[in-house]
> 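My questions all concern the structure below.
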Amino acid sequence: MASSLFMQFLDATIVTTALPYIGRSLNVPTSSLSLTVSIYFITMAIFIPLSGWIAKRIGKKNAWLIATLLFVLSSLGDALAPSFAVLLISRFVQGFAGSLMTPTARLIMLERTPSNQLLRMANYLVWPALIAPAIAPIIGGFFVKYLTWQWIFLINVPIGLLAILIGIKLVEKDLKKSKDKFDFIGFLEIAISSGFILIGAEIATYGRNFWPIAGLLVLLGLFMILVVGYHLSHVKTPLFDIKALKVSSFRIYQTGGTFLWLSVGALPYLLTVYLQTVFHWSALVAGYYVIFVFIGNIGIKPFTNVIIRSIKYKASLLIALFTVAISTAALAMIRPTTFGVIISGLAFISGCGRSLALTCYNAVTFSEIPIEERNSANTLSSVLQTMAQGLGVSLITVVVSALSSFFPENQSYEIGFAFLGILMLYPIIEVAIQPKNFGSSAL
C-alpha cells in the first residue's frame with residue numbers, strides 16, 4: 001500500500017521539473033504547461049469522494065487493484081503521448097486512478113489497525129507523502145538531463161506492477177460488500193466545490209488580470225462547502241459521513257493539518273524555483289539541496305516513536321510545528337554566497353519537523369474513530385489533503401507574484417518563505433489549546 005502511495009505522491013510533484021522539456025518536445029507554450037499539473041490535482045479532488053463508495057461496492061482489494069493498474073497504464077500513456085492534448089487526457093485518467101488508489105490504500109491499512117498500533121502504522125502512511133515530494137526534483141532533474149522527460153512517467157510502471165503482484169497475494173478480499181444507494185447530489189456538490197477552489201487557484205497563477213475571476217471562483221467554492229456540509233448531515237445515505245468532525249483528535253488534522261500540508265506541498269517547489277530563478281543554479285544542483293528535506297524525513301524516523309512516547313503527542317506536535325515554522329522562515333535569509341551546509345541544514349531540519357508532525361497527526365487522527373466509521377473519515381481526510389496539496393503550489397505562486405509588484409524578485413521569494421513559516425501559527429495555537437493527554441488512545 002505504501003508503494004502505491006509513494007507512486008502517486010511522486011507523480012504529483014516530479015512533473016514540474018520536466019515542464020520546460022515537455023513544452024519543447026510537444027510544441028506547447030509555457031503558459032499552458034501548468035495544466036499538466038493542475039488537471040491531475042483537480043481530477044483527484046473531484047473524484048476522491050467516489051473512492052469510499054466504490055470500495056464498499058466492489059471491495060477494497062478489487063478497487064485498489066483496478067486503480068493501481070489504471071494508474072500504471074495511464075502513466076504509460078503519459079510517456080507515449082504524441083501531443084499535448086493526448087497528454088492532458090492521459091493525466092485526467094491518471095488523476096481519476098489516483099483518486100481511487102490513494103484513499104483505498106490508506107483504508108486497507110486503517111481498517112486492519114487497532115488504535116494502539118496507529119503510531120507504528122503512521123510511519124508507513126507518512127513516509128511516501130514526505131519522501132516523494134522531496135526527492136522528486138533530483139530524480140526529475142536526473143531524468144531530463146541524462147535520459148528523457150518520458151521517464152518521469154515510466155518510473156511508475158515497474159513500481160505499480162510490483163505493488164499489484166504483491167497486493168494480489170497479501171491483501172485479503174472483503175467478505176462484506178455494501179449496496180448503499182449512490183449519493184449523486186452529494187458527489188456533484190463536492191465536485192463543484194473542489195473544482196471551483198482548485199480552478200480558481202490555478203487561474204490566479206496566470207497573473208493579476210485574472211485575480212478577480214479567480215477570487216470569485218474560490219469564494220463560490222467555499223460557499224459550496226457549506227452547502228455540502230448541510231447536505232451530508234441531512235441526507236439519509238450520504239456519500240460519506242461527516243460526524244467524525246465532532247471528534248477533536250480527527251478535526252485538528254482537517255484544520256491545522258491542512259495548513260501543514262499547504263507548507264509541505266509548497267516548500268520543495270518554492271525552494272527549487274528560488275535556487276534556479278534567483279541563484280541561477282541548475283535544476284540538478286537545486287535538487288541536491290532540496291533532497292535534504294527527504295534526508296531529514298528519514299533521519300528523524302528512528303526517533304519519532306521514542307520522542308512521542310516520551311513527551312506525548314501534544315509536546316511532540318508543538319516542537320515539530322515550531323521547527324517547521326522557524327526553519328522554513330529562515331530560508332528567507334540564504335544567499336548565493338551562503339555556505340551550502342547551512343542551506344542543506346535548514347532543509348534537513350524542516351524535513352525532520354515535517355516528518356514528526358505528520359507522524360503525530362496520522363497516528364492521532366483515526367485513534368478515536370471506530371473502525372466501522374473509518375471509511376467515511378478517510379474519504380473526508382483524503383479530499384482535504386488532496387486539495388491542500390494542490391493549493392500549496394498555487395498559493396505560494398500567487399503570493400510571490402503579488403509581492404513582486406512591490407518588491408524586487410529576490411525579496412518576493414524571501415517573503416514567500418516567511419509566509420510559509422507564518423502559516424504554522426494556526427496549527428501551533430490549535431494544538432496548544434488541546435488537553436495535556438491529547439492522543440493518549442493512540443499510544
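Quick note: residue numbers are just sequence positions, from 1. Below, all heavy atoms of this structure are taken into account, side chains as well, without hydrogens, waters or symmetry copies.
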> Taking CD1 in I185 as the centre, count heavy atoms belonging to other residues, nucleotides or ligands within less than 6.0 Å. Is the count above 12?
no
> Going by the rule side-chain contact (heavy atoms from CB on, under 4.5 Å), which residues pair with T338 if we only count those two or more places apart in sequence or in a different chain?
I334, R335, I342, I343
> I want to check something: taking the side chain as every heavy atom from C-beta on, are V400 and L270 in contact at a cut-off of under 4.5 Å?
yes
> Using side-chain heavy atoms (C-beta onward) and a distance below 4.5 Å, is W261 in contact with T258?
no
> Any side-chain heavy atom of Y230 sitting closer than 4.5 Å to one from L226?
no
> Give a yes or no on whether the backbone of I319 and the side-chain of T323 come within a donor-acceptor separation of less than 3.5 Å.
yes
> Pick one: which of R106, M1, M7 meets side-chain contact (heavy atoms from CB on, under 4.5 Å) with M101?
M7
> Using every non-hydrogen atom in the two residues, find where L403 and G416 come nearest and quote the distance to one decimal.
CD1-N, 4.2 Å
> What verdict does the side chain to side chain contact (heavy atoms under 4.5 Å, CB included) test give for S99 and L50, after you've listed the backbone C-alpha separation in whole Å, the side-chain angles of each residue and the deciding distance to 0.1 Å?
CA-CA 8 Å; S99 74; L50 275 175; over 6 Å; no
> Can you spot which of S74, S75, S4 makes a side-chain hydrogen bond (donor to acceptor under 3.5 Å, both in side chains) with N156?
S75
> Quick one, L260 with L358, criterion side chain to side chain contact (heavy atoms under 4.5 Å, CB included). Give me CA distance, side-chain angles, the key distance, then yes/no.
CA-CA 8 Å; L260 180 62; L358 286 174; 3.6 Å; yes
> Using the side-chain hydrogen bond (donor to acceptor under 3.5 Å, both in side chains) criterion, which residues pair with S83? Sequence neighbours excluded.
none
> Do I197 and L217 come close enough that some side-chain heavy atom pair is under 4.5 Å?
no
> Can you list the residues that meet the side-chain hydrogen bond (donor to acceptor under 3.5 Å, both in side chains) rule with Y40, with sequence neighbours excluded?
Q8
> Please check this pair: side chain of T304 against backbone of L356, looking for a donor-acceptor N/O pair closer than 3.5 Å.
no
> Once side-chain hydrogen bond (donor to acceptor under 3.5 Å, both in side chains) is applied, do any residues pair with W149, and if so which ones, sequence neighbours excluded?
S25
> Tell me, do T359 and I300 make a side-chain contact under 4.5 Å, heavy atoms counted?
no
> Within the distance-only criterion (no hydrogens, no angle test), does the side chain of T328 pair as donor or acceptor with the backbone N or O of G421 below 3.5 angstrom?
no
> Could you tell me which residues satisfy side-chain contact (heavy atoms from CB on, under 4.5 Å) with I326, sequence neighbours excluded, listed by chain and number?
none
> State whether the side chain of T365 and the backbone N or O of Y361 hold a donor-acceptor pair below 3.5 Å, judged by distance alone.
yes
> Report the C-alpha separation of L76 and V72 in whole Å, then their side-chain angles, then the decisive distance to 0.1 Å, and conclude whether the side chain to side chain contact (heavy atoms under 4.5 Å, CB included) test is met.
CA-CA 6 Å; L76 191 60; V72 169; 5.8 Å; no
> So which heavy atom on A214 is nearest to which on G200, and how close?
CB-O, 3.1 Å
> Got a sec, which residues hit side-chain hydrogen bond (donor to acceptor under 3.5 Å, both in side chains) with Q434, two or more places apart in sequence or on another chain?
none
> Applying ring-ring contact (aromatic ring centres under 6.0 Å, His included), can you list everything that pairs with Y274, at least two apart in sequence or on another chain?
F279, Y413, F417
> Determine the minimum heavy-atom distance between T104 and K60, stating which atoms define it.
CG2-O, 3.3 Å
> Would you list the pairs meeting salt bridge (charged side-chain N to carboxylate O under 4.0 Å, His left out) in which at least one residue belongs to residues 391-404, sequence neighbours left out?
none
> Can you pull out every salt bridge (charged side-chain N to carboxylate O under 4.0 Å, His left out) where at least one residue sits in residues 399-411? Sequence neighbours excluded, please.
none
> Between the main-chain N or O of V324 and the side-chain N or O of S350, is there a donor-acceptor pair closer than 3.5 Å?
no
> Flag yes if more than 12 heavy atoms outside W151 fall under 6.0 Å of its CH2 atom; otherwise flag no.
no
> Give me each pair satisfying salt bridge (charged side-chain N to carboxylate O under 4.0 Å, His left out) with a member in residues 85-95, each pair once, sequence neighbours excluded.
D11-R91
> Is a side-chain donor or acceptor of S193 paired with a backbone partner of E189 at a separation under 3.5 angstrom?
no
> Filter on salt bridge (charged side-chain N to carboxylate O under 4.0 Å, His left out), then keep only pairs touching residues 289-299, sequence neighbours left out; what's left?
none
> Residues two or more places apart in sequence or in another chain: which of them pass side-chain contact (heavy atoms from CB on, under 4.5 Å) with A97?
L70, F71
> For residues F92 and F47, determine if any side-chain heavy atom of one lies less than 4.5 Å from a side-chain heavy atom of the other.
yes
